[in-house]
A.B. asks: 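Got a structure for you, questions after.
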Amino acid sequence: MLLRAGGRWALLAALFISNAVAQVPGKAKACAACHGEDGNSSISGTPSIAGQPRIFLENYLIMTREGVRGSEVMQVLLKGVPDAEIIALSNHYAGLKASPLSGSVDRNLFERGRGIAARSRCGSCHLPNYVGRQQMPRLAGQREEFLAEVMLQYRYNRRRGGDTMMSAALYGIPETDFPALAHYFSRLK
Amino acid sequence: MKTKAFALTSAAVLAFTVQSAFSQDKPKPPPAWHQGKPAAMAESKLAPNPGKMTETAAAEVPLGKIKLPKGFAVEVWADKLVGARAMTMNEDQSRMWIGTRGLGRVYEVSNEGGKRTHKVMAEKLTQPTSVYANGALYVFAIDKVLRYDNATRGATGQPVDMTAAFKLPPEQHHNWKYVRMGADKKLYVPFGAPCNICELPTNEYAQIRRYNPDGSGMEVIATGVRNTQGFDWHPKSGELWFTDHGRDWLGDKGPEDELNRLAKPGQNFGFPYCHANKITDPDVAKGKKDACKDVTMPVTTMGPHAAAMGIHFYTGDMFPKEYQGVAFIARKGSWNRTTKFGYDVVTVKAGADGKGAKTAPFMTGFMDPKENSFWGRPAYLAQLKDGSLLVSDEQQGVIYRVSYSAPAKNK
């Protein structure tokens, strides 16, 4: 608990310090502390945001500001941030290039994930190359452990503010398939 | 720099671990999302339309695109109400409350001196709606019921938590609620099917119930109702008429949305086995010979994937006589269809017994058929004391006022 609170203050401090460095959009500096300078995260459990669809980012940030979605840390960071800044941030990160970390590929797991994704028709919403569109996020190149955890959250109704369509989409996919799906998506470019 | 990175990483890892530790429950039974998606549509890229979650000011709304019958005019009555859905008003219409879906807010609008101002009166709720009745404002979220007493001049203060009394089931999909109080002083509350098409996980879904205002005396008055998004009582018969969304993934033709009439409590409207136009469901009713037996068919169909939402029987004296008692229905518009459909307000003229129903366009122009695109999504209707009609647009987050003045030569 202490550690968590400490992390939060560090984040706030990061926000404060980065705002002193004038850049457009200003808030992007605060995002960079966790999500990477170029929007590609190297922190476990923290998603990459580069190349995510603009509308996905916009809706996620607004709902998090409203306290109905996202982590506590993100809610604190976004409190009171006006629409205009959220629009600017979303445009900024939607325009950056997703450059996934190079991790080793487990061929078996990868192929298993490919098969499950095809059978489950994940591509009908997230597109066949899983780059996402509109309100539906990019999966290609996302952090593996993040994807696996998000699927679990949907499975157990713990993804606050998430789209109920996604919970419905995961119905019937065994939990034991999630690691393969996560591995497959995370290794796509 | 190093210290900061370490602290951040620890926080992230800890948050991650804490969340994982909670994930110990048993998985849900699988009503299978793609159960209804046939092989022929396996490659389909249809997906729900994204909502707009940022404010739209009145001046940004392309009002000029809206088309109405001759003599009618439209203006933006209230703006910057992101995600505005169903509207409810106090007796003198000086206050209005409007719920949202994903945004989790309930707005309170003050309508005084010909001007509208608003504030967020409740927030952080799971898809809340609201209904004002007899001095109290009831807020219904998917998992919560709150009552604000003495709300006539504004809902302030701590609400009474009524959640336990209403025994709301847990599934969220299709469970945003349209709620009204009937002339019988009961609260009418729908519970949608938590899937596109499925055998219901329990008998708590796909139905309309009514309750005493304190949550007691619950009674299921309609079953087989997949996903009603609006209802009103017929001005002559007092019977409940309600919209209902047809299932997805059976192609562009349907099954169509429905406008239903509840002639007596306990009627079955078909879900999941029988759809509008007596279509037997190809997934869950396979081999069933009499899937439509004892199923009440709609007064009229509302079009394929149209997303028929709010319904309002017109009782004002501003519109021409032929609109008396006519049902206005907002259609939010399709997503599960290759060619967009709906995105308008239509009128349905029918006998009180539901016979001879005729549907006609009323408010259009929110959709561009050439581009297969849309900019607005009419959702709910309300009538002002002067007889004008309010229409909420969930996409733009504004409320339109539609008024009528007779052409000069008839005056």
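Here is the naming used below: chain letters follow the sequence lines, and residue numbers restart at 1 for every chain. For clarity, every value in this text was computed on a predicted model and none was experimentally measured.
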A.B. asks: Is A/Asp83 reaching over with its side chain to a backbone N or O of B/Thr54, donor-acceptor style, under 3.5 angstrom?
C.D. replies: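 Judged by distance alone, no pair lies under 3.5 Å.
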A.B. asks: Please flag which part of A/Ile87 lies under 4.5 Å from any non-hydrogen atom of chain B: side chain, backbone, both or neither.
C.D. replies: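 For A/Ile87, the contact with chain B is made by the side chain alone.
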A.B. asks: Quick check: closest heavy atoms across A/Met63 and B/Gly102, and the distance to 0.1 Å?
C.D. replies: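 Reported closest heavy-atom pair: CE-O, 3.1 Å.
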A.B. asks: Side chain from CB out, backbone as N, CA, C, O: work out which of these in B/Arg101 comes under 4.5 Å of a heavy atom of chain A, or both, or neither.
C.D. replies: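 Contact with chain A is absent: no heavy atom of B/Arg101 under 4.5 Å.
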A.B. asks: Where on A/Arg69 is there a heavy atom nearer than 4.5 Å to chain B: the side chain, the backbone, both, or neither?
C.D. replies: neither
A.B. asks: State whether the side chain of A/Gln135 and the backbone N or O of B/Lys52 hold a donor-acceptor pair below 3.5 Å, judged by distance alone.
C.D. replies: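 Looks like no, no N/O pair under 3.5 Å.
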A.B. asks: Does B/Lys286 NZ have over 12 foreign heavy atoms under 6.0 Å away?
C.D. replies: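 Count not over threshold, so no.
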A.B. asks: Less than 4.5 Å apart, any side-chain heavy atom of B/Lys45 and any of A/Arg133?
C.D. replies: yes
A.B. asks: Are the charged groups of A/Glu66 and B/Lys124 less than 4.0 angstrom apart, N to O?
C.D. replies: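 So A/Glu66 does not pair with B/Lys124 through a salt bridge.
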A.B. asks: Please classify the contact between A/Glu58 and chain B as side chain, backbone, both or neither, with a heavy-atom cut-off of under 4.5 Å.
C.D. replies: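 Just its side chain gets close to chain B.
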A.B. asks: For B/Asn175, which atoms come within 4.5 Å of any heavy atom of chain A: side chain, backbone, both, or neither?
C.D. replies: neither
A.B. asks: Please tell me if the side chains of B/Leu103 and A/Ile62 come closer than 4.5 Å, counting only heavy atoms from C-beta onward.
C.D. replies: yes
A.B. asks: Which atoms form the tightest heavy-atom contact between A/Ile55 and B/Gly51, and what is the distance?
C.D. replies: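 Here A/Ile55 and B/Gly51 meet closest at CG2-O, 4.5 Å.
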A.B. asks: If every non-hydrogen atom of A/Ser124 is compared with every non-hydrogen atom of B/Ser44, which pair is closest and at what distance?
C.D. replies: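 Where A/Ser124 meets B/Ser44 most closely, the heavy atoms are CB-O, 3.1 Å.
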